[in-house]
There are 2 protein chains.
Amino acid sequence: MSQKKSAPSDAPIEVLRLDNQLCFALYGAANRMTRLYRPMLDALGLTYPQYLAMLVLWEASPRTVGALGDALDLDSSTLTPLLKRLEAGGLVERARDPEDERRVIVALTDKGRALRDQAVSIPEKLFCALDMPLETMGALRDQLKTVAK
Amino acid sequence: MSQKKSAPSDAPIEVLRLDNQLCFALYGAANRMTRLYRPMLDALGLTYPQYLAMLVLWEASPRTVGALGDALDLDSSTLTPLLKRLEAGGLVERARDPEDERRVIVALTDKGRALRDQAVSIPEKLFCALDMPLETMGALRDQLKTVAK
DNA sequence: AACGATTTAATCGTGTGCGATATAAATGCA
DNA sequence: TGCATTTATATCGCACACGATTAAATCGTT
């Protein structure tokens, strides 16, 4: 029953099998999710991370770069260029906080606020595309929040 | 109880809330997982996607670029540069298949095979770092495999 | 007030992901 | 056979992620 002998050095090692790895399941699911969103987001002119940043801003604008980074769990080295592209697209404005010149305040423009009207249909389209019961989805989401946190 | 009136255009819309989105939970968990692996993989001189590619090759080498792409669900535009870096590191060799010159065969070198001995300890370290019951992990993994597939 | 420590963004370099396109080899079929 | 089609990689451009570093502003302590 118990197979304690060490495997020969060129035998497959069960613990390393790709199929068994949570990390790979996560990696693949995240990539597939991005691909699923892409056609819908193309229509809005947004990338997937840009969409997530807009979700945060639609909840509350203005926000500092740091606050956005906390919400998205991203560093300024990722966010700064992303926000500059949103600014170039006219969706946000960036300005130093007069109260504390270290901070940069990111605020939605009218165009950025207006884009939300086109985004509201996305979650439902995605829900259909995923074809997964709502409770399953919620449970999965809540479990994922606990991963590596 | 039921709140059917349409929200004013600047009110938060429940369906767009970041906290409710499976996509964001997935995005964040995948990023955190990569960060968790990084220090361990740095010791092997591998990036996270490179580690996944090596997992595939440790299961069976040689493999064509296409077979690797199928296993990892990645395009040649992602794999080719990654494999060139593995080749530059002396872990794999790439050569055209004489049987079919369109194909490129990727094979582990001795160094690539030897690296597996240092990788075997990673899954256990990760399992400890994740601090999640084994059954929960397995269930989560299996659910993720069904996402957007 | 002074000045070192801390905080906040930005910058830079490396390595992905992926759409679009290119190229060459193999295949199909009239 | 000849040639269009298909298949297998590679190339290119753009946009992340993130570690490391930098620069500027603020804070704390004296």
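Note: hydrogens, waters and symmetry copies are ignored here, and every other heavy atom, side chains too, is used. Below, read A as the first sequence line, B as the second, and so on, with proteins coming before strands; counting in each chain starts at 1.
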**Item:** Nucleotide range of DNA chain D lying under 4.0 Å from chain B heavy atoms
**Value:**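 Listing 5' to 3', DNA chain D meets chain B from D/dT7 to D/dG19.
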**Message:** If you assign each of B/T34 and B/L79 to its closest nucleotide in DNA chain D, which residue comes earlier from the 5' end?
**Reply:**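 Nearest-nucleotide comparison on DNA chain D picks B/L79.
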**Request:** Considering only NZ, NE, NH1 and NH2 on the basic side and carboxylate oxygens on the acidic side, decide whether A/D73 and A/K149 come within less than 4.0 Å.
**Result:**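 No salt bridge links A/D73 with A/K149.
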Could you tell me whether [X] contacts a base, only the sugar-phosphate backbone, or nothing, with contacts defined as non-hydrogen atoms closer than 4.0 Å?
X     : answer
A/R32 : nothing
B/T47 : sugar-phosphate
B/S77 : base

**Item:** Phosphate contact (C/dT8 OP1 or OP2) by A/R96 side-chain N/O below 4.0 Å
**Value:**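 No, outside the criterion.
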**Request:** Report yes if at least one side-chain N or O of A/R94 is closer than 4.0 Å to OP1 or OP2 of C/dA10; otherwise report no.
**Result:**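 Checking A/R94 against C/dA10: at least one side-chain N or O falls below 4.0 Å of OP1 or OP2.
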**Message:** If you assign each of B/P98 and B/D75 to its closest nucleotide in DNA chain C, which residue comes earlier from the 5' end?
**Reply:**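 The residue mapped nearer the 5' terminus is B/D75.
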**Message:** Rounded to whole Å, please give me the gap between CG in B/L82 and P in C/dC18.
**Reply:**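 Going from B/L82 (CG) to C/dC18 (P), I get 13 Å.
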**Prompt:** Could you state the CG-P distance from A/N31 to C/dG15, rounded to the nearest angstrom?
**Reply:**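 About 19 Å, once rounded to whole Å.
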**Parallel, tilted or perpendicular: ring planes of A/Y48 versus B/Y27, cut at 30 and 60 degrees** =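 Plane angle over 60°, so perpendicular.
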